[in-house]
2 protein chains.
Amino acid sequence: MTSVTPIAADAPETCCTPAKSAVSTQEAARMATVFKAMGDPTRVRLLSLIAAGEQGEACVCDLTDPVGLSQGTVSHHMRILAEAGLVEREQRGKWAYYSVVRPTLDAAAAALRTF
Amino acid sequence: MTSVTPIAADAPETCCTPAKSAVSTQEAARMATVFKAMGDPTRVRLLSLIAAGEQGEACVCDLTDPVGLSQGTVSHHMRILAEAGLVEREQRGKWAYYSVVRPTLDAAAAALRTF
DNA sequence: ACATCGTATCGACGTTTGTCAATGCGTGTG
DNA sequence: CACACGCATTGACAAACGTCGATACGATGT
């Protein structure tokens with residue numbers, strides 16, 4: 001699984017506040033997945049820590065201390081962020097480096113502006 | 001309660017990708033409140049319906065049918081959206097009109113871009 | 001091969017969440 | 001006044017969530 005459906009970058013051809021129509025149920029669900037992933041203080045913090053990291057990335061071992069949670073819990077949160085398409089995982093040696101997926105963030109921000 | 005703390009419009013004096021630092025725990029918590037409110041498909045739908053409404057507003061009776069949930073449940077969701085500062089309530093006659101609070105949306109979108 | 005280290009996964013737990021049906025509370029209308 | 005209507009609140013309950021400790025997995029180094 002782990003579909004990673006990045007909110008849909010549609011927005012057909014709109015101009016300025018042009019007779020909006022409500023989003024479909026499925027689109028609402030996809031948006032909610034991303035927002036729900038960011039709906040936890042710890043995950044917001046994790047995302048922020050990763051973005052603030054050296055190359056905009058960080059491994060789990062760098063994250064457990066700052067958030068003050070067990071390694072297992074952090075790993076769990078990373079999984080949720082990854083499934084929402086907010087971060088990407090890259091195995092380097094025995095470390096797992098996570099980096100922020102900017103397009104997803106941008107799509108989410110854009111989606112917010114459509115309301 | 002119902003603090004309605006709109007994410008903080010800080011962003012001191014930054015330019016282009018300038019040595020980011022992680023957000024504080026409290027800021028993370030405030031952000032998470034807003035995103036958590038949008039972390040449910042029904043609430044995304046509600047927000048969208050309101051924004052798509054006549055004057056960018058809608059009363060609960062207009063919302064129950066589209067989302068297919070009981071009136072009590074819709075009222076519950078509206079409360080959460082209101083507490084997150086995402087919508088405002090205005091009593092007009094015997095109807096309660098909800099409207100989207102654009103600044104909160106914008107602040108959330110801006111916050112997303114800081115990652 | 002073996003021991004070690006960094007992560008992921010599992011099982012269990014208390015808490016929070018989304019939902020409903022029922023009830024309470026204002027507000028306008030007969 | 002009494003009644004109907006729109007909305008909020010309550011109580012209850014199943015499902016989902018966040019957390020931990022323990023365990024399993026995969027890569028490194030000895």
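Proteins come first, then strands; the chains are lettered A, B, ... in the order of their sequence lines, and each starts at number 1.
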Under 3.5 Å, which protein N or O atoms sit close to an N or O of nucleotides 16-23 of chain C? Give each pair with its distance.
unit_1, atom_1, unit_2, atom_2, d
C:dT17, OP1, B:K36, NZ, 3.4
C:dG18, OP1, B:D40, OD2, 3.3
C:dG18, OP1, B:R43, NH2, 3.0
C:dG18, OP2, B:R43, NH1, 3.2
C:dT19, OP2, B:H77, NE2, 2.4
C:dC20, OP2, B:S70, N, 3.0
C:dC20, OP2, B:S70, OG, 3.2
C:dC20, OP2, B:T73, OG1, 2.8

Query raised in the report: Heavy-atom distance under 4.5 Å between the side chains of A:R43 and B:F35, does that happen here?
Result: no
Query - C:dT7 OP1/OP2 closer than 4.0 Å to side-chain N/O of A:R79 - result: no
Report task. Let me see the working for B:Y98 and B:L86 under side chain to side chain contact (heavy atoms under 4.5 Å, CB included), right down to the final yes or no. Result -> CA-CA 10 Å; B:Y98 285 94; B:L86 284 164; over 6 Å; no
Query raised in the report: Side-chain contact, heavy-atom cut-off 4.5 Å: B:R113 with A:D106?
Result: yes
**Report entry** Any A:R89 side-chain nitrogen or oxygen under 4.0 Å from OP1 or OP2 of C:dT7
**Finding:** no
Query - Any side-chain heavy-atom pair of B:H77 and B:L63 under 4.5 Å - result: no
Query - Close residues, residues 52-66 of chain B, relative to DNA chain D [heavy-atom separation under 4.0 Å] - result: B:C59, B:V60, B:C61
Requested in this report: Establish whether A:L47 and A:Y97 are linked, either directly or via other cluster members, by ILVMFWY side-chain heavy-atom contacts under 4.5 Å.
Outcome: no
**Report entry** Gap between atoms CE and P, on B:M78 and D:dC7 respectively (whole Å)
**Finding:** 11 Å
Query - With sequence neighbours excluded, residues passing side-chain hydrogen bond (donor to acceptor under 3.5 Å, both in side chains) with A:R45 - result: none
Query raised in the report: Can a side chain N or O of A:Y98 be found less than 4.0 Å away from OP1 or OP2 on C:dG6?
Result: no
What nitrogen or oxygen pairs link the protein and nucleotides 24-27 of chain D at under 3.5 Å?
none

Query raised in the report: Given the rule in the side chain to side chain contact (heavy atoms under 4.5 Å, CB included) test, do B:M78 and B:I50 qualify, once you have shown the distances and angles that lead to the verdict?
Result: CA-CA 11 Å; B:M78 293 314 300; B:I50 294 172; 3.5 Å; yes
**Report entry** Nucleotide nearest B:S75 (side chain, heavy atoms from C-beta), chosen from C:dT7, D:dA8, D:dC7
**Finding:** D:dA8
Query - Counterpart residues, side-chain hydrogen bond (donor to acceptor under 3.5 Å, both in side chains), relative to B:S70 (two or more places apart) - result: B:T73
Query raised in the report: Backbone N or O of B:A29 within a donor-acceptor pair of the B:T33 side chain at under 3.5 Å?
Result: yes
**Report entry** Non-neighbouring partners of A:Q91 that pass side-chain hydrogen bond (donor to acceptor under 3.5 Å, both in side chains), sequence neighbours left out
**Finding:** A:R89
Requested in this report: May I have the distance from A:L81 (atom CG) to D:dG18 (atom C1'), rounded to whole angstrom?
Outcome: 13 Å
